[in-house]
Amino acid sequence: MTANDVEIPEPLRALIEASDHEAEQFWADADQQAEALRAFLATGTARDASERFDLARSRPEFVDVCPLGDPCLVVEWRDLHRVAVLRAIGLATAGDAADASLLLRDLIRMDVAHLDSARGAFSFLVARANLQEALTQADRLALRLGQRERSAATSAALTELAQVVRAVDIEAINLQRVVITEYLFHVRALERLEGGDAELLDRVDSPRAIGWAFDRGQTLHSLNERFEARYQAAAAHDTAAALGASEDSPKQQFMWWLRNPVGKLYLDATIIDSDWKIDANLEELGRTQTRLLARPVLAQL
């Protein structure tokens, strides 16, 4: 599965990204953007993305098969997922609540499977963001439908959506596996670094001739300490700490370059940039799920 870059217009992207929108205001904005949304979904790029999504949707299982340390198709999947969310919004604004519900049902099912199979940090973060978007949109749809007459087909579709949402087990999300995979990737990378891998040296802004500037033993010791702390954070579902986003850079040490500077440059590169805006934990998913299941339209099913 591959996809071209999908350029979503800013007003439509805002419909996906504004997770703090009140549902009533969201649907007012969505109805206002309905014509623009239809026009976007009719473009060749969006139609191609929809077809690729439908192909993935039709498969019996959905798993992340990316090799260790390789972002693989995750970026492309993120694009397809966002187009699918926009499709669900478009279906709802057009009055097709049944198909919107079934589309969100499948998105949530696939997102949970992605989270369960993700091994790398990047893939995990994309899966988590996707699931949050799908749950948020399902919550908005439930509130919209709670105020309207519903057909038998819509009620049946909502029943299936509710079943999938109830099956989401936030506590079962295994972030420790992601930490283990990231650790193995970085340990292997140290071997490449010691061997003078030019691509890796460029990635950490290191000179090509490292010699005395790299102490593999000291670097591995520091790496072990960092990942032991990350593993403990993963057990507590602290996503940011588990992925190293809250760690201090070794470059903050006084005169850090005097001992093992290349190793410290590498350790610094293992810390996720704060610009990723990682949520501190997975509780937001649970709160969205609880709020969604409490909506009268689903609670009575």
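Basis for what follows: all heavy atoms, side chains included, without hydrogens, waters or symmetry-related copies.
- Remark: Leu267 CG to Glu225 CD distance equals 10.0 Å, nearest 0.5 Å.
- Smallest separation of non-hydrogen atoms from Tyr266 and Ala189: OH-CB, 3.1 Å.
- The closest donor-acceptor contact from the side chain of Arg105 to the backbone of Val164 lies at 3.5 Å or more, if one exists at all.
- Across Leu15 and Phe26, no two heavy atoms sit closer than the pair O-CE1, 3.2 Å.
- Ile173 has its side chain within reach of Leu285: a pair of non-hydrogen atoms, C-beta onward, lies under 4.5 Å apart.
- Looking only at atom types and distance, the side chain of Thr219 has no donor-acceptor partner in the side chain of Ser222 under 3.5 Å away.
- At most 12 non-hydrogen atoms from other residues, nucleotides or ligands lie less than 6.0 angstrom from CD of Glu24.
- Considering CZ of Phe40 and CD1 of Ile8, their distance stands at 5.0 Å, rounded to 0.5 Å.
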| task | Please step through side chain to side chain contact (heavy atoms under 4.5 Å, CB included) for the pair Ile271 and Arg226, ending with a clear verdict. | result | CA-CA 10 Å; Ile271 302 172; Arg226 287 175 181 265; 3.8 Å; yes
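- For the pair Thr154 (side chain) and Arg150 (backbone), a donor-acceptor distance under 3.5 Å is absent.
- Relative to the six-membered ring of Phe53, Arg57 misses at least one condition, a distance below 6.0 Å or an angle of at most 45° to the axis.
- Ile89 places a side-chain heavy atom less than 4.5 Å from the side chain of Gln137.
- Ion pairing of Glu133 with Arg78 is present here, as a side-chain N (NZ or NE/NH1/NH2) and a carboxylate O approach within less than 4.0 Å.
- Under a hydrophobic-cluster definition in which Ile, Leu, Val, Met, Phe, Trp and Tyr are linked whenever side-chain heavy atoms come within less than 4.5 Å, directly or via other members, Leu55 and Met110 are assigned to different clusters.
- Side-chain contact between Arg47 and Leu41 is absent, with no heavy atoms from C-beta onward closer than 4.5 Å.
- Within the 4.5 Å cutoff, the side chain of Ile108 has heavy atoms near those of the Val165 side chain.
- Scanning both residues, Ala84 and Leu103, for their nearest heavy atoms gives O-CD2, 3.3 Å.
- One finds the CD atom of Glu247 at 6.0 Å from the OG1 atom of Thr270 (value rounded to the nearest 0.5 Å).
- A donor-acceptor contact closer than 3.5 angstrom is absent between the side chains of Gln163 and Thr159.
- Separating the CG atom in Leu141 from the CG atom in Leu161 is a distance of 7.5 Å, to the nearest 0.5 Å.
- For the pair Leu145 and Ser101, the tightest heavy-atom approach, listed with the atom from each and the gap, is CD1-OG, 4.3 Å.
- Between the side chains of Glu7 and Thr45, no donor-acceptor pair of N or O atoms lies under 3.5 Å.
- Proximity of Leu223 to Phe227: side-chain heavy atoms (C-beta onward) are separated by under 4.5 Å at one or more points.
- Checked against the 6.0 Å centroid threshold, His114 and Phe124 do not count as a close aromatic pair.
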For residues 248-255, run the donor-acceptor check on the side chains, cut-off 3.5 Å, and write out each pair with its distance to 0.1 Å, sequence neighbours left out.
residue : atom : partner : partner atom : Å
Ser249  : OG   : Lys251  : N            : 3.1
Ser249  : OG   : Asp268  : OD1          : 2.5
Gln253  : OE1  : Lys264  : NZ           : 3.4

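- Between the side chain of Arg230 and the backbone N or O of Tyr183, no donor-acceptor pair lies under 3.5 Å.
- The side-chain heavy atoms of Thr239 and Leu243, taken from C-beta on, include a pair separated by under 4.5 Å.
- Proximity of Trp27 to Leu143: side-chain heavy atoms (C-beta onward) are nowhere separated by under 4.5 Å.
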| task | For side chain to side chain contact (heavy atoms under 4.5 Å, CB included), just list the numbers for Asp116 and Arg177, CA-CA rounded to whole Å, side-chain angles, deciding distance to a tenth of an Å, and then say yes or no. | result | CA-CA 10 Å; Asp116 187 55; Arg177 291 186 303 203; 3.2 Å; yes
| request: Please test Arg128 against Glu284 for salt bridge (charged side-chain N to carboxylate O under 4.0 Å, His left out), starting from the C-alpha separation and ending with a verdict. | output: CA-CA 10 Å; Arg128 188 214 166 282; Glu284 185 182 356; 3.5 Å; yes
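- To the nearest 0.5 Å, atom OG of residue Ser151 and atom CG of residue Leu158 are 9.0 Å apart.
- In plain terms, the two heavy atoms of Ala46 and Val83 that are nearest each other are O-CG1, 3.9 Å.
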| field | Criterion salt bridge (charged side-chain N to carboxylate O under 4.0 Å, His left out) on Asp79 and Arg52, from CA distance to verdict | value | CA-CA 11 Å; Asp79 285 343; Arg52 294 179 185 280; over 6 Å; no
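- Summarising the geometry, atom CG belonging to Leu115 is positioned 8.5 Å from atom CG belonging to Asn130; distances are rounded to the nearest 0.5 Å.
- Note on Asp54 versus Arg87: salt bridge recorded, some NZ/NE/NH1/NH2 to OD/OE distance being below 4.0 Å.
- Listed by chain and number, the residues in a side-chain hydrogen bond (donor to acceptor under 3.5 Å, both in side chains) with Arg119 amount to none (sequence neighbours excluded).
- Shown here are the side chain to side chain contact (heavy atoms under 4.5 Å, CB included) partners of Ala234, two or more places apart in sequence or in another chain: Leu175, Gln176, Val179, Ala242.
- Between Arg13 and Glu10, at least one side-chain nitrogen of the basic residue sits less than 4.0 Å from a carboxylate oxygen of the acidic one, meeting the salt-bridge criterion.
- Crowding of Arg192 atom CZ: a count of heavy atoms from other residues, nucleotides or ligands under 6.0 Å exceeding 12.
- Gln25 and Asp29 share a donor-acceptor pair across their side chains, judged by distance under 3.5 Å alone.
- Exactly one of Arg144, Gln289, Arg291 qualifies for a side-chain hydrogen bond (donor to acceptor under 3.5 Å, both in side chains) with Asp139. That residue is Arg291.
- With contacts defined as side-chain heavy-atom distances shorter than 4.5 Å, the pair Gln33/Thr93 does not qualify.
- When all heavy atoms of Leu298 and Ala162 are compared, the closest pair comes out as CD2-CB, 4.0 Å.
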